[in-house]
Each structure stands twice: as structure tokens, then as C-alpha cells.
There are 2 protein chains.
Amino acid sequence: MTRGRPKKVGRPEGQTNLSDKLLDAAELLFAEQGYSGTALRQVADKLDVNPAMTAYYFKNKENLFREVFLRRGLVVARQRLERLAALSAEGSHTVEDLARAFLEPSAQLMGTRQGRAFLRLHARLHMEPEAFSYALRREVYDESTRAYAQAFHRLLPQATELQIFQKVSLMVGAYLYAFSDTNRLAELAKSQNATDDLLDTTVAFVVGGFLSVKG
Amino acid sequence: MTRGRPKKVGRPEGQTNLSDKLLDAAELLFAEQGYSGTALRQVADKLDVNPAMTAYYFKNKENLFREVFLRRGLVVARQRLERLAALSAEGSHTVEDLARAFLEPSAQLMGTRQGRAFLRLHARLHMEPEAFSYALRREVYDESTRAYAQAFHRLLPQATELQIFQKVSLMVGAYLYAFSDTNRLAELAKSQNATDDLLDTTVAFVVGGFLSVKG
DNA sequence: AAATTAATTAATTGCATGAATAATAAACGG
DNA sequence: CCGTTTATTATTCATGCAATTAATTAATTT
């Protein structure tokens, strides 16, 4: 099974960019199998590299996960804040503008294999109350999510703060599940077209959700 | 640490109902730590019982998980189908009726600790593409979810089948995430009041989502 | 070109885990 | 009351895993 010649020991010639490759491999495996379900050995095997390399670049398993998550999570969080700032600068905006600004940075990730892996990873992380994953989510997303909650509340002043938070939760759950949906739809139809379509449907769903009133 | 007298070997006097207790303990641990993150030893330790008891009652880890999931999952699926049948029998119904019929059986689970654990378990399962969890979800929920998709489509004939499936996905993601939300809101406000309130908000959100149109 | 640093493999350590088996004791059936 | 079944603990075993250290070789610095 993929038995290559015995690897030469010592530093190889040229450069390998192994650090990035390890992040990619770990991203795929964590997304598919979860944190506990993934062995560092599997990550190394995927690149036909010695398991000790994970420790060399990332110290330990927890830190590897952390860096995988931060790599894309910080980008999404920053893009969200930038788009919100842009809307605020423009003057007036709608609930749909807000929803789209929040969702598009994530929706873009559906376009690539690694991006889809990150979406699954993120969706999975949201379900894990383990100490460090909690802290990680908060570190990356808390600021931008709070900013959007405030922005939604400004457009919907009749709602209570609790309701706004509930609706933001519903929005997050909806998009995470739909975007990271590994099954059915997304698997066969992962063209850019299908991505756009799902984004549009999700924006429409979320806008309807925010505008609807109870009772 | 909780060091009791050395346990007596052999069958204990009276009956212990250990099988059910193991399901409860496993439900809590699987919900908190996931499948791979939970050791059978932890389950046994929680009841101060020998680890071999898990094998005695449930053969192996996979089967234990399966039985944990089936125990409540089948109840929810059956309740959904019954409520859908009741609506159909009554004659006409609204999108809100459908949403409520779909969501209430799950919302009830928010009222108890074990129920909340199951909701987390379920949310987590939805993210796991591992072979057996896939099959399990399908086995339990496929029939009822398809029935609701058809029912929604009958009320919204202008939508495509793909859009209906996308919206059902969004609904499922939204409620799973919001109901199993271990953080913030739900933790402090888990009174029956808060449960009803979240259910109402969720129904309203979902109704708005289904009725809204793109573009 | 010598010394130092960087990047890799090899080998080992210690611990946790799932599973299996044997031993023991109560309950149950005739 | 005697044999069988049921429910439990004790013990063991092989595996897998994360982490550490030593050895090795290329690259970089001086």
C-alpha cells in the first residue's frame, strides 16, 4: 500500500512548505472525523511524512487544531466586520444587506474543497462544549457576531434583545448546517451556480426569519 | 476520589435497572464529548460500575451509541408523523401549523437535562459523515423529513423541489443549533418559559423563511 | 570551510482504550 | 434444594495514540 522507497533521514533538499500542507491535511481530517476521531498519525500519513513533524511545527494536537481554525476563521470574521463597516459608511441599509454581508464570506468557502472542510469543521466546533473549542469560537467570532446583532437590532427596534440573539442563533445554525451539508444536494451540485443558489435561498430564508413576528 | 468500599463480585441483590442507567450516562457523555471523545470506561465510572457492563448490555461501543440515539430519536420521528397525519386529517393547514408540528416534538426535549443532551447529540450527529452515523440518521428521520418536505411543497407549489429541500435543511440546522445551544441564553434561561419562547421565535423564524421569496 | 541552525526520520515511552475471558454470587425454574 | 441463567467484578491483552528524544542531513551564517 503506497509503499515508497524508505525515506531518507535528515533535512531534504529544497523547500517543502510542509507547515501549510499539514494544515490542509489536518483541516480535511478534522472536518471528516472530528478532533478526537483524528490521529496525528493520519495527518502525517496523508503527506507521507513522519508523525513527529506535527509536533515540530505545531507543538501538540490541540495547537494544531487551533491553527487550522484560526487560519480561515479570522479571515471570515474580518471580512464580516469590513462589510458591516462598509454598509454603515454608506448610510442606510436593509435587513437583506446585513444578512448578505454576514453570510457571503462563509458562502465563498463552499467553492473549494478545503473551504468546505473548514465549514464542516466550524459547524462541528459549534456543537462541542469542550473547553478549548468554546474559547476558540469566542476568540474568533464573538466580536463580529455581536456587532451584527446590534446592527440587526437597530433595524428591528421593536424586537427584544433576547429575540435578536435567538434569531442570530437561528441564522448561524441554518447557514452552518446548510453550507456544510456534506450529504445529498451539495455533493452533486457543488458548482459555482449551486453555491450562488444556496446563498440566495439562505439569504431569503434569513431575511424572512428576521422580519417575521410572533403570535 | 469517591472511593467506596471494594465492590462485591457476583450478582447484586435486588434489581438495578442498569441498562437504562447506562443509556442515560452514555447520552450525557456522548453529547458532551462526542463519540470518539467518550470512553466506555467513563460511562461505567459515572455509575461506579465495572466497564465490562457496557459490553454485557450493549455488545460494543457503536451499538451503545445506536441504542442511545434510537431511544429518543424514534419517539420524535413518530410524533412528527402522527402530528402530520392529524393535520392532514383535519383538512386545511398553514405553513405555521406544519412548522409547529415538526418542531414541537424536539422542543419538548429542551425541558429536561437528558433531553437537552439528546439534542446536542443529534446536532452533533448531523455533522458527522462517518458511515454508521449517516445510516442512523437516515434510518430514524428520513421518512418523516421527506413527508414534511412534501407537505411544505404542497403549500408552496411555486417553489422548486430543490428550494424546498434547501429550506428544510435550513430549518433543521436552525432548530438543532438553537435548541441544543449549550452556551449563553439556554444555560441561564432553561425554564419552561424560555423553552416556549424559543419555540415560538423559532416557529416564527421558520415560517418567515419558508414564505419569503428570492430576488 | 567551519559552525550553527533548520528540517526531517527513527525509535521509544507511557498511557488509555476497547474488547474478551474467567470468576463469583444472586435469582429463578423445576 | 439443585441446576441453570442472569448480573456483576476482576483481570488480562493487544492496539493505538500523543509526545519525546536522538540521530541525520541540508541550508545558512560567519
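Each chain gets a letter, A, B and so on, in the order the sequences are listed, and its residues count up from 1. Only a predicted model underlies this, so the values are computations on that prediction, with no experimental measurement involved.
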In whole Å, what is the span from the [atom1] atom of [X] to the [atom2] atom of [N]?
X: Asp48(A); N: dA10(C); atom1: CG; atom2: P; answer: 10 Å
X: Asn17(A); N: dA27(D); atom1: CG; atom2: C1'; answer: 16 Å
X: Arg11(B); N: dT9(D); atom1: CZ; atom2: C1'; answer: 15 Å
X: Gln42(A); N: dC17(D); atom1: CD; atom2: P; answer: 7 Å
X: Glu62(B); N: dT17(C); atom1: CD; atom2: P; answer: 19 Å
X: Leu29(A); N: dC17(D); atom1: CG; atom2: C1'; answer: 15 Å
X: Lys61(B); N: dA19(C); atom1: NZ; atom2: C1'; answer: 12 Å
X: Met53(B); N: dA10(D); atom1: CE; atom2: P; answer: 12 Å

Notebook entry, point to check: Start at the 5' end of DNA chain C and walk down; is the nucleotide closest to Asn60(B) or to Pro12(B) reached first?
Noted result: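 That would be Asn60(B).
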
Notebook entry, point to check: Heavy atoms under 4.0 Å, any strand shown: does Ala55(B) hit a base, just sugar-phosphate, or nothing?
Noted result: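 No contact.
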
Check: Contact class for Thr38(A) (heavy atom, under 4.0 Å): base, sugar-phosphate, or nothing?
Finding: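 Thr38(A): backbone/sugar contact only, no base atoms under 4.0 Å.
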
Check: So do the side chains of Phe152(A) and Met171(A) get within less than 4.5 Å of each other, counting heavy atoms only?
Finding: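 A side-chain contact exists here, since the closest heavy-atom pair is under 4.5 Å.
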
Check: If you take atom types as modelled and just measure distance, does the side chain of Asn50(A) reach the base of dA10(C) with a donor-acceptor pair under 3.5 Å?
Finding: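 Checked by distance alone, the answer is yes.
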
Next item on the list: Would you kindly check whether a donor in the side chain of Arg41(B) faces an acceptor in the base of dT17(C), or vice versa, at under 3.5 angstrom?
Entry: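 In this structure, the two groups form no donor-acceptor pair.
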
Notebook entry, point to check: What nucleotide, of dT17(C), dA10(D), dT20(D), holds the atom closest to the side chain of Ala52(A)?
Noted result: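 Given the options dT17(C), dA10(D), dT20(D), the side chain of Ala52(A) is closest to dT20(D).
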
Check: Does the side chain of Tyr57(B) get closer than 4.0 angstrom to OP1 or OP2 of dT8(D) through an N or O atom?
Finding: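 Result: yes.
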
Item checked: Lys59(B) side chain near dA20(C) phosphate (N/O to OP1/OP2, under 4.0 Å) ->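 Looking at the OP1 and OP2 atoms of dA20(C), neither is under 4.0 Å from any side-chain N or O of Lys59(B).
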
Next item on the list: Look up atom CZ in Phe179(B) and atom CD in Gln108(B), then write down how far apart they are to the nearest 0.5 Å.
Entry: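 Between atom CZ of Phe179(B) and atom CD of Gln108(B) there are 11.0 Å.
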
Check: Roughly how far, to the nearest 0.5 Å, is CD of Gln42(B) from CD of Glu32(B)?
Finding: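 With rounding to 0.5 Å, CD (Glu32(B)) is 9.5 Å from CD (Gln42(B)).
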
Note to self: Between Gln163(A) and Asp197(B), do the side chains contain a donor N or O and an acceptor N or O under 3.5 Å apart?
What the structure shows: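 The answer is no; no qualifying pair exists.
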
Check: Of Glu13(A) and Thr16(B), whose closest DNA chain D nucleotide lies nearer the 5' terminus?
Finding: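 With Thr16(B) and Glu13(A) compared, the 5'-side residue is Thr16(B).
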
Checklist line | Ring centroid separation Phe30(B) to Phe69(B) under 6.0 Å | finding: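 Ring centroids of Phe30(B) and Phe69(B) are no less than 6.0 Å from each other.
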
